[in-house]
Amino acid sequence: QLLVYDDRGQPSHAEPAVRQLVTDGALAIVGPSEPESAAVARVAAEAAHIPLVTLNQSDGGDEASWRWTFALAAPPEEALAATIDFFLASGVDRFGWLAPRTMEAASLRRVLTRLATTANMQVVGEELYPPGDEEHTQRLTRLQANEPRVILAWPRGPSEAASIARESATVPNLVPVFLGPAASNLSTLEMAGDNAGVVR
């Protein structure tokens, strides 16, 4: 029997959900996917002595002391590779890159270059923004001027993803904008509001 509780991507909902699953007699728990929610769910699962498999990368802490909890997630490089595979299957041969100015994004950019070259794709434009910046209209407009088939954005979290979605809706005739894994958080759609329709 599968019991499902929605943590809404929020730590305040994750811990009560774990407690309820324990009360319901769950033998094991899969989820959550958000690092903050996983952290509180992990503490609750360890206290209850119930196996928990979180769907996110390790959020730090002493992994060696976890007896009941495990992390399972694709590294960002694999998510990027899956995106490029999707683009290839969709006939995309030119795309723009929008990402925060961080070490992780710089590392992913190198992976992106290798993957795109192997797939005979071209990165026709690149725009970097200071982490947390919510003004993307000019960046998106500049990327659009390079005539990409799509724009691939790789925000750090739901807030950045939502701001890119909101700004994308203001650029006339903008090509499709695809957001990285951070956009999968339910709060991304909530924060994007009526502009959530541009999220891919």
Side-chain angles (χ1 to χ4, degrees), residues 1-83 85-86 99-112 129-134 152-166 178-193 195-196 199-200:
Q1 181 182 8
L2 177 65
L3 302 174
V4 179
Y5 291 95
D6 183 6
D7 70 357
R8 300 175 180 250
Q10 299 172 9
S12 60
H13 288 79
E15 193 269 340
V18 170
R19 280 192 283 111
Q20 186 60 52
L21 285 166
V22 170
T23 301
D24 291 344
L27 300 176
I29 301 171
V30 178
S33 59
E34 286 300 307
E36 296 84 6
S37 296
V40 297
R42 184 174 292 126
V43 171
E46 289 290 335
H49 296 217
I50 186 168
L52 170 76
V53 179
T54 64
L55 303 176
N56 73 307
Q57 301 260 12
S58 168
D59 62 347
D62 183 9
E63 295 183 35
S65 68
W66 301 344
R67 180 171 181 200
W68 295 95
T69 58
F70 310 88
L72 175 66
E77 295 82 6
E78 288 186 23
L80 190 59
T83 303
D85 287 345
F86 174 77
R101 192 174 287 115
T102 63
M103 292 296 289
E104 180 182 7
S107 176
L108 285 174
R109 176 61 170 92
R110 289 188 291 277
V111 173
L112 179 67
Y129 59 89
D133 191 346
E134 296 190 358
L152 175 58
W154 212 263
R156 296 176 312 144
S159 179
E160 286 185 10
S163 69
I164 291 171
R166 287 191 302 269
F178 287 80
L179 300 176
S184 65
N185 187 313
L186 177 62
S187 58
T188 298
L189 299 179
E190 292 172 349
M191 287 186 281
N195 299 316
V199 174
R200 293 175 175 81

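Position 1 is the first residue of the sequence, and the numbers go up from there. FYI, side chains are in, hydrogens and waters are out, and symmetry mates aren't considered; it's all heavy atoms of this structure. Owing to the predicted nature of the structure, the values given are computational and were not obtained by experimental measurement.
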Hey, can you pull the donor-acceptor pairs under 3.5 Å for the side chains in residues 103-112, sequence neighbours left out?
residue, atom, partner, partner atom, Å
Arg109, NE, Glu126, OE1, 3.1
Arg109, NH1, Thr113, OG1, 2.3
Arg109, NH2, Glu126, OE1, 3.3

Heavy-atom pair of closest approach, residues Pro155 and Gly180: CD-N, 3.9 Å

Worked verdict on Glu134 versus Ser159 for side chain to side chain contact (heavy atoms under 4.5 Å, CB included): CA-CA 9 Å; Glu134 296 190 358; Ser159 179; 3.7 Å; yes

Shortest non-hydrogen contact between Asp133 and Ser163, atoms and distance: O-OG, 4.1 Å

Nearest non-hydrogen partners of Arg166 and Ala192, listed with the distance: CG-O, 3.9 Å

Stepwise side chain to side chain contact (heavy atoms under 4.5 Å, CB included) check, Thr69 with Glu46: CA-CA 7 Å; Thr69 58; Glu46 289 290 335; 3.0 Å; yes

Donor-acceptor pair, side chain of Thr54 and main chain of Phe70, under 3.5 angstrom: yes

Interatomic distance, Leu179 atom CG to Leu152 atom CG [nearest 0.5 angstrom]: 8.5 Å

Exercise: identify the closest heavy-atom pair between Thr188 and Ala161: CG2-CB, 3.7 Å

Taking every non-hydrogen atom, the tightest pair across Pro32 and Asp7: CB-OD2, 2.8 Å

Main-chain N/O of Gln10 paired with Glu36 side-chain donor or acceptor, under 3.5 Å: no

Backbone N/O of His49 and side chain of Arg67: donor-acceptor pair under 3.5 Å: no

Please list, one pair per line, the donor and acceptor atoms closer than 3.5 Å that link side chains of residues 14-25 to other protein atoms, with sequence neighbours excluded.
residue, atom, partner, partner atom, Å
Glu15, OE1, Arg19, NE, 3.1
Glu15, OE1, Arg19, NH2, 3.0
Glu15, OE2, Arg19, NE, 2.7
Gln20, NE2, Asp24, OD1, 2.8
Thr23, OG1, Arg19, O, 3.0
Asp24, OD2, Tyr5, OH, 2.4

Atom pair CG/CD of Leu27 and Gln1 - distance to nearest 0.5 Å: 10.0 Å

Check: Pro131 main-chain N/O paired with Glu160 side-chain donor or acceptor under 3.5 Å: no

Minimum heavy-atom distance between Pro100 and Trp154, given as atom pair plus value: CD-O, 3.2 Å

